[in-house]
Amino acid sequence: MGFKVLEMVRPFVSIIPEVSKPERKIQFREKVLWTAITLFIFLVCCQIPLFGIMSSDSADPFYWIRVIMASNRGTLMELGISPIVTSGLIMQLLAGAKILEVGDTPKDRALFNGAQKCVFCVVQQ
């Protein structure tokens with residue numbers, strides 16, 4: 001078996017934080033509560049303008065991109081979710097085109113998820 005490209009990200013995967021599995025079953029009511037809190041925080045941040053950004057009533061050439069990427073013009077959520085979506089798309093396309101060899105084992109899937117997080121860190125900058 002040849003060298004896998006995903007093996008190059010193994011040193012970086014160990015320093016990237018990840019969410020551990022819950023130790024108990026999370027009740028539906030608690031999930032709804034945390035979802036509502038998160039949605040509230042997101043909606044508040046979508047209304048807080050960035051310092052130094054002048055709002056204008058002119059046409060926004062990136063309007064549809066902002067709609068797709070869940071972003072508003074000149075707010076704290078200016079970047080939206082685009083770096084996460086972009087990194088996920090890039091990694092899925094590379095895996096689907098067989099450029100990246102990803103196995104079916106949990107170890108390979110974990111390595112692929114770690115590589116996706118590393119690509120996110122690069123895309124975000």
Side-chain angles (χ1 to χ4, degrees):
M1 186 158 129
F3 175 75
K4 288 186 178 181
V5 176
L6 288 178
E7 293 294 330
M8 294 183 345
V9 298
R10 186 176 298 280
F12 304 108
V13 171
S14 62
I15 60 172
I16 295 177
E18 68 179 43
V19 178
S20 61
K21 288 188 175 186
E23 297 173 356
R24 62 178 173 81
K25 183 172 176 7
I26 308 298
Q27 299 296 318
F28 179 73
R29 187 178 187 97
E30 188 176 352
K31 290 179 185 179
V32 170
L33 174 71
W34 282 110
T35 302
I37 291 170
T38 305
L39 181 61
F40 176 75
I41 291 171
F42 179 80
L43 292 175
V44 167
C45 289
C46 283
Q47 301 304 318
I48 300 174
L50 290 172
F51 180 72
I53 303 292
M54 304 300 267
S55 64
S56 65
D57 294 331
S58 65
D60 184 9
F62 299 114
Y63 174 75
W64 289 109
I65 293 174
R66 293 180 196 283
V67 169
I68 292 170
M69 298 298 178
S71 172
N72 283 334
R73 189 175 192 178
T75 64
L76 284 177
M77 294 296 159
E78 181 70 32
L79 282 179
I81 59 171
S82 60
I84 298 168
V85 172
T86 304
S87 68
L89 286 173
I90 290 170
M91 293 301 290
Q92 290 295 327
L93 286 172
L94 291 175
K98 305 290 186 207
I99 295 172
L100 289 180
E101 184 180 329
V102 182
D104 293 334
T105 64
K107 179 182 168 187
D108 284 347
R109 293 305 303 169
L111 192 58
F112 180 76
N113 288 337
Q116 193 169 345
K117 292 175 188 175
C118 289
V119 171
F120 163 71
C121 291
V122 171
V123 169
Q124 182 182 7
Q125 301 301 322

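Values below: all heavy atoms of this structure, side chains included; hydrogens, waters and symmetry mates excluded.
Note that CZ of Arg109 and NZ of Lys107 are 15.0 Å apart. Values are rounded to the nearest 0.5 Å. Atom CD of Glu7 is separated from atom CG of Leu111 by 5.5 Å, given to the nearest 0.5 angstrom. Leu89 CG to Ile84 CD1: the interatomic distance, rounded to the nearest 0.5 Å, is 12.0 Å.
Cluster membership for Leu43 and Ile37, using ILVMFWY side-chain heavy atoms within less than 4.5 angstrom, is not shared. With hydrophobic clusters built from ILVMFWY side chains whose heavy atoms lie under 4.5 angstrom apart, Ile16 does not share a cluster with Val122. When hydrophobic clusters are built by joining Ile, Leu, Val, Met, Phe, Trp and Tyr residues whose side-chain heavy atoms come closer than 4.5 Å, directly or via intermediates, Val9 is not grouped with Leu93. Linking Ile, Leu, Val, Met, Phe, Trp and Tyr residues whenever their side-chain heavy atoms come within less than 4.5 Å leaves Leu39 and Leu33 in two separate clusters.
When hydrophobic side chains of Ile, Leu, Val, Met, Phe, Trp and Tyr are connected at separations under 4.5 Å, Val32 ends up clustered with Phe28.
Between Val13 and Lys117, every side-chain heavy-atom pair lies at or beyond the 4.5 Å cut-off.
Across every non-hydrogen atom of Ala115 and Leu6, the tightest pair is CB-CD2, 3.6 Å. Residues Phe112 and Ala95 come closest through the heavy atom pair CE1-CB, 3.9 Å.
Just one of Asn113, Leu100, Thr86 meets the side chain to side chain contact (heavy atoms under 4.5 Å, CB included) condition when paired with Met91; it is Leu100.
Judged as a side-chain hydrogen bond (donor to acceptor under 3.5 Å, both in side chains), and not counting sequence neighbours, the contacts of Arg24 are Glu30.
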